[in-house]
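Worksheet: one structure, shown below.
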Amino acid sequence: MRLRLSVFLTFAAAAGLAQQKPCPIDVFLDVSQYEGAGAEYPKPRLEAACEGDELVVRSNGIPHYEFIQVTPNPLLEQDYEFRVPLNPKKADKPTPIPLLGSEGFSVGGLAIFGPNEGPVPQEAEFGDPVMHSIMDACMGHTALEYHYHALVQRCLSDVKDGERSPVLGFAYDGFAIRGPWGCLDAECADVVKFKSSWEKVGNPDTDSWDAFDYVAKEGPEYLDQCNGHTDESGDYHYHATETWPYIIGCYAGEPLGMRNRGRPRRQVSENRSGRRPRRGPGGGRPGPEQVSQAAAALGMDAGKVAEALRVEPGSIKPVNPAAAARTLGVAETALREALGGGGNRPPRANQNPAGEPECFFRCGQSDEDAVGCTLTPEHKVVCHRPCDDNKCG
Ligand SMILES: [Zn+2]
Ligand SMILES: [Zn+2]
């Protein structure tokens, strides 16, 4: 691989493309070398390539290590195609990651999610899934798809803890996500464990974004609000951290990347659970005018509404209309109505034109007719059939 890389670099230099990053396919795992999720599952599949100015990763979403089920949802084979910019650039200002859904992918070809869970169960809605101990030993679990809420280096690399961490994944803005250890100088004489600069200011039992604030800190081991930094060589990347937000806190670049075809190959009913959260720049984020209108309609102070929605100037937290409505003491439907139907609507029970309720999580194989389920922090599963209480999670 080293040989191929140097050949590419020579070619790139000769062609005057020195700025173009070499295709980073060597950071991806050869998943065919591993046992896979278990005898009852398909073997993991992963292909990485560069096409034009994009890194393209195709995978079947099956872990290369044994799958231990910790949620009621079965492990389903996917047909992923992730595409991210090969040469990411830092944007003028960061972009919030989505409240729900993927923000990137691992070097094993699996989806990476943010530091909060979905809207159920009610007593733990949007809480910290790591704190709630609903993750496996590699900090992944299944919903509609297997995904990570934190990264464990030894699950994705042979590099020892304490040595300079390899790349463990990529965010949708194209920037690499490395493990927690990194260099402080060009020679890498000093390897440190990078730290999140987010401070706990509330209870991450529910809505973990309201429980943490970014507070800039002195010291080269502290990361920026997106959980990244620019190293000595001028390279910007994220580091997975031991504490919240665990992977990334926001996109430092433009989240131009995407995931295509991210649907399970076998699924009970597409139209019940196929709905995807919105993602990407804006992502339904209400603008100042929309907030002013909503505040006027609700007879409230615009600043208060903006703060509750987490869209005040400088905020890079994802919008959560359910939590905002609770903060403001109004019904979520009233807030959504006041916003004119905007506000990064989370996937939850809605009637589609066919009259079928839509849900995000499945209730696994425990109840074929279930349209959703509640997973308590104690792993107790409560199936909804039908999801008429608007809490399908
Ligand atoms: Zn999850
Ligand atoms: Zn670094």
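Counting from 1, the numbers follow the sequence of the chain as shown. Just follow the structure's listing: the first ligand is 1, and inside any ligand the first atom is 1.
- Residue D207 forms a salt bridge (charged side-chain N to carboxylate O under 4.0 Å, His left out) with just one option from K317, R310, R326, and that option is R310.
- For E117, the N/O/S atom at the shortest distance from the Zn ion (ligand 1) is named OE1.
- Counting just the N/O/S atoms of H147, the one with the shortest distance to the Zn ion (ligand 1) is named NE2.
- In this structure, F113 and H149 have perpendicular ring planes: the angle between them is above 60°, well past the 30° mark.
- The nearest N, O or S atom of H239 is closer to the Zn ion (ligand 2) than 2.8 Å.
- Using the six-membered ring where Trp is involved, W244 and W209 have ring planes that are perpendicular, over 60° apart on the 30 and 60° scheme.
- Using the six-membered ring where Trp is involved, Y41 and F67 have ring planes that are perpendicular, over 60° apart on the 30 and 60° scheme.
- Here the angle at the Zn ion (ligand 2) defined by NE2 in H229 and NE2 in H237 stands at 110°, rounded to 10 degrees.
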